[in-house]
Amino acid sequence: MQYRREESFRYEFSEPLKSTFKIIRISDANVESKEGEMYILDISAGGVKMNTHLELPDPNKAKVEVEVELQLAEKNLDVQGEIVWKKPFGRSYHYGIDFSITETESQELIKILKGHIKYIQTKKEHE
C-alpha cells in the first residue's frame, strides 16, 4: 500500500487493532496457510498498514495475496488484498496491503470504519 495523497480517509489506530490473516495465493499458486496474528496500525478504504512477527514472502519477488479478518464496530469483515511492501521493524515486520475491493465495498468499509470510530469514542466516554 503506497500512501496516496488523493486518498480521502485514513484512520490511524491509537492502539493497534489485533486481527488475523491468511495467505491465499503466492504468484500463480493457490495457498491455504494457517491464520497468522497481525496488528493493524492504520486503515483506509484502499488498504492497511500492519505489523506481524511473521516474515512473509517478499512482495518484490512474488505476488502475495492475503485474506484479512477485521472486526470493526463489532462487525466481522473478510477482505482480500495484496502485500505491496515489506519493512523490518525490530523483531517484527510492517507490511502494506492493498485491498482488492470494488468502489461499493470501499464505501461500505469507510462507513463501517466511521461507525467503529464512533463506537470507540462512546466506549471511552462511558469508562
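Side chains included, hydrogens not; waters and symmetry mates left out as well; all remaining heavy atoms used.
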When rounded to the nearest 0.5 angstrom, what distance separates [atom1] in [X] from [atom2] in [Y]?
X      : Y      : atom1 : atom2 : value
Ser106 : Lys111 : OG    : NZ    : 13.5 Å
Glu82  : Lys63  : CD    : NZ    : 5.0 Å
Tyr39  : His53  : OH    : NE2   : 9.5 Å
Glu105 : Ser100 : CD    : OG    : 10.0 Å
Phe21  : Asp78  : CZ    : CG    : 14.0 Å
Ser19  : Asn51  : OG    : CG    : 12.5 Å

Answer yes if [X] and [Y] sit in the same cluster of Ile, Leu, Val, Met, Phe, Trp and Tyr residues linked by side chain heavy atoms under 4.5 Å apart, and no otherwise.
X      : Y      : result
Tyr95  : Leu41  : no
Ile40  : Leu77  : yes
Leu70  : Ile120 : no
Ile110 : Ile101 : yes

Validation row: [X], [Y] side chains within 4.5 angstrom (heavy atoms):
X      : Y      : result
Glu12  : Arg10  : no
Phe99  : Leu109 : yes
Tyr11  : Lys114 : no
Ile83  : Ile23  : no
Leu56  : Tyr93  : no
Val68  : Met50  : no
Lys87  : Phe89  : no
Ile117 : Gln121 : yes

**OP:** Decide side-chain contact (heavy atoms from CB on, under 4.5 Å) for Glu32 and Lys22; before the verdict, give the C-alpha distance in whole Å, the side-chain angles of both, and the deciding distance to 0.1 Å.
**Re:** CA-CA 7 Å; Glu32 201 166 314; Lys22 293 188 295 193; 5.5 Å; no
Looking only at heavy atoms, which two atoms of [X] and [Y] are closest? And how far apart?
X     : Y     : result
Leu54 : Glu37 : CD1-N, 4.5 Å
Ile26 : Ala62 : CG2-CB, 4.0 Å
Glu35 : Glu69 : OE2-OE1, 4.0 Å

Original post:
Within a radius of less than 6.0 Å around CG of Asp28, do more than 12 heavy atoms belonging to other residues, nucleotides or ligands occur?
Top reply: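 Atom CG in Asp28 is not crowded, with 12 or fewer foreign heavy atoms closer than 6.0 Å.
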Original post:
Thinking salt bridges, do Lys86 and Glu55 make one under a 4.0 Å N-O criterion?
Top reply: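 Between Glu55 and Lys86 there is a salt bridge, with a charged N closer than 4.0 Å to a carboxylate O.
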